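What follows is a short report on a single structure.
Every value quoted in this text rests on a predicted model; they were computed, and no experiment measured them. A, B, ... follow the sequence lines: proteins, then strands. Residue 1 opens every chain.
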Amino acid sequence: MKEYTLSIYTEDQIGLLNRIAAMFTRRKINIESLNTSPTEVAGIHRFTIVIFSDEDAVNKLVRQIEKQVDVLKAYYNTESEVIWQEMALYKVPTNVIAEKVQVERLLRAHGARVVVLRKDYTIFEQTGHREETDKLVSILEPYGLIEFVRTGRIAIIKASSGFHDKLLEFEENSLQRDVLKTQEA
Amino acid sequence: MLKTQVKAASQTKHEVINGAEAVMQAIIGERIDTIFGYPGGAIMPVYDALFDYRDKVEHILVRHEQGAVHAAQGYARATGKMAVVFATSGPGATNLVTGLADAMIDSTPLVCITGQVPSALLGKDAFQESDVISLTMPVTKWNYQLTDPNEIPEVLARAFYLANSGRPGPVLIDITKDCQLKSFEYKGYSPCQKVRSYRPKPIIRPKYIEQAAEIINSAKKPFLIWGQGVLLGGAESELKKFVEKTGIPAAWTILGASALPTDHPLNVGMVGMHGNYAPNVLTNQCDVLIAIGMRFDDRVTGNVEKYASQAKIIHLDIDPAEFGKIIKPEVQVWGDCKETLPLLIDSVHPNQHREWKAEFDKLARSEYEEVIQNEIHPQEGELTMGEVIEVINELDQGNSILITDVGQHQMITYRYAKFTQSRSKITSGGLGTMGFSLPAGIGAQVGLPERSVISISGDGGFQMCLQELGTIMQHKIPLKILILNNHYLGMVRQWQEMFHDNRYSFVDIESPDYVKLADSYGIPGKSISERDDLKDGVRQMLEAEGAFVLEVHVTKENNVFPFVPPGASVSDIKLK
Ligand SMILES: Cc1ncc(C[n+]2csc(CCOP(=O)(O)OP(=O)(O)O)c2C)c(N)n1
Ligand SMILES: [Mg+2]
């Protein structure tokens, strides 16, 4: 079992999230993280999904996803093939934190910043890898961490040259190159 | 909102019509001639619009929405054309689900149109509201909910295009009642040619054809298995040319049946759990296995680990997700076999594999002696299913379209029925839906009124959709109905006998008096249990002017053989 990041380019359609999610459910694959986002191309959406799986299963899954009518392209990559980030927000009681922690040092050490500072609570934000945001949780917990929330992963495929060209191929029905990454596999 | 680039219709008259009328315009625009449906509150505007088109489209009023989908399946599979299904919201729509699942797994093109509660009531638990889009998502190739009549022409065009292109499948369009009623400026209907995110067919790459041809040309013991892809692609004559040029023995999956006549010398029978002996055994001896438009279903492969592991596999399919899904091919030829087969035919050498073919013949003889003979020509005892099928062969010479249900009679029919024409055998293969045969038979008969169509069911499955006798009565559909009554849920009983120590748990099923039942629908019928009456009974059925119900009491505890036991390898197929 390995961690895979799936990048799925789709049309903007109601219910597509459902359709894609069902493909994981049906195979009893847990979705570790999911993010939907616009892309560099207007009207094209991108799902970023993280799962633990073996290569064979993820390869088959991606083919099935790509088969969905409103999906243009689906890729899967290992951790080393992508640059990825997650963002986390932490809400802590201002009085405790101000009294017991050297806030500035903490922020600096973790690349975090203050988003909101109020009398009753403070909100920090940190962007990074899972271990990093987890680390800050463990540091803040003793000081009465009130709330913690983390986004889904967003990832950029190192080797990708974006979706503009690919879309042209779709428009022209001339998918010559890379017709199916998976066909070659 | 859909963002497609469908060109505006050629004629630019801008009339104002309502959504329901636009639905009918789309149906006419697609030259759909048959609708199977059932009305209800949320689809009433569409039915109202349909009223004015009664002379252009035939609407068959079924007795249950499941029957409507199965009928549309039978229609599509017998004719190659699409039919439309109408159903109302809530229970009407949920009743479609079994049929959709069946059509999805068997790649059958059809378009369902369901009514939905008014858009203002969506999500409010309105009367007869159900979340049809979510419910049918996994069992449709595509589905979409319409709330704006302006979208109707384009969305329906897309629905018809998607259902019947690439690897076909069912599409469902859910239309809110207000959308059906609302007027809008109608700009005409034009069929869809392209959906940008969807590739029904790839550009065929010669590299793979060459690789495949090279392997085939040097094969010593090549073997071919074709599936429904050949029928869906209309590539029957290409298949025939290919096997005749190469001399490769060819077998079929249950859904591929009838693409090549049974009496073709290179047709070596059916593969799979109850398939023929030779093709199953020799799957594990061939050196090259050419799989065309088939998906290596587990009922075909048996134990995958021990399936054709000695062979180089060449897989031709239109759906790239099938490559390596179950069996990893050496070469994958992606494309419609209607296009790839001719290229392959050009690149393969003429050949004959006489000795290799003789191995098939030898095994076929032992299957005949040990299994077939007793099944189709029993000398004594009660009637068998096989001899009923053999009498049909004798009397109709393989010209009827046979639609089976699911169970022992299904396997027996596929094993023994002869056929001469493509698309003349239809069954629920992937889902194995009992109750399929009667409504699917209706669909096939409606689509091909001149052909002889026989719906064959077991006593169990017949009772699952027998309400459709009402449809047959009302629409005077001349369907022939054969019930092979073994007084058991036979296939389950066989497994209980073989794997559960004869513990017959709830497989003993009682039947009504089928002749009386048929009679109450005004359908003539006959019930027989004696060998002496068999031929006359079948003849009477075949020669009947209209519908006819023939019940044949057959021996109760017959088992279907050969048999690849679950978990076993195909070459461990048992003859008894
Ligand atoms: C809707 C549905 N329910 C249950 C089954 C499981 N099943 C498969 S074959 C079979 C027995 C069918 O009995 P019958 O229709 O009498 O046919 P026979 O096997 O006796 O020829 C059953 C219950 C099924 N395939 N479909
Ligand atoms: Mg039975």
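Atom NZ of A:K67 has more than 12 neighbouring heavy atoms from other residues, nucleotides or ligands inside a 6.0 Å radius. Counting non-hydrogen atoms of other residues, nucleotides and ligands closer than 6.0 Å to NZ of B:K325 gives a total above 12. Residue-environment remark: CD (A:E3) exceeds the threshold of 12 foreign heavy atoms within 6.0 Å. A 6.0 Å sphere centred on NZ of A:K158 holds more than 12 heavy atoms belonging to other residues, nucleotides or ligands. Around the CD1 atom of A:I154, the shell of radius 6.0 Å holds no more than 12 heavy atoms that belong to other residues, nucleotides or ligands. Around NZ of A:K60, the count of heavy atoms belonging to other residues, nucleotides or ligands within 6.0 Å exceeds 12. Within a 6.0 Å radius of CZ in A:R108, other residues, nucleotides and ligands contribute 12 heavy atoms or fewer. A:I156 CD1: 12 or fewer foreign heavy atoms inside a 6.0 Å radius.
The minimum heavy-atom distance linking B:K141 with A:R19 is given by the pair O-NH1, 3.8 Å. Here the shortest heavy-atom pairing between B:P320 and A:R63 reads O-NH1, 2.9 Å. In terms of heavy atoms, B:R199 sits closest to A:E66 at NH2-OE1, 4.3 Å. Across every non-hydrogen atom of B:R196 and A:F170, the tightest pair is O-CD2, 3.2 Å. Closest non-hydrogen pair, A:V69 versus B:S197, comes out as O-OG, 2.5 Å.
When heavy atoms are compared at a cutoff of 4.5 Å, B:I133 does not approach chain A at all. For B:T140, the parts lying under 4.5 angstrom from a heavy atom of chain A are both the backbone and the side chain.
For the side-chain hydrogen bond (donor to acceptor under 3.5 Å, both in side chains) condition, the pairs that include at least one residue of residues 40-54 of chain A, sequence neighbours left out, are A:Y9-A:R46.
The interface of residues 84-106 of chain A with chain B, defined by heavy-atom distances below 4.5 Å, is empty.
The pair A:D70-B:R158 meets the salt-bridge criterion, with a side-chain N (NZ, NE, NH1 or NH2) lying under 4.0 Å from an Asp/Glu carboxylate O.
Proximity of A:Q68 to B:Y198: side-chain heavy atoms (C-beta onward) are nowhere separated by under 4.5 Å.
For the atom pair CG (B:N143) and CG (A:N18), the distance works out to 9.0 Å, reported to the nearest 0.5 Å.
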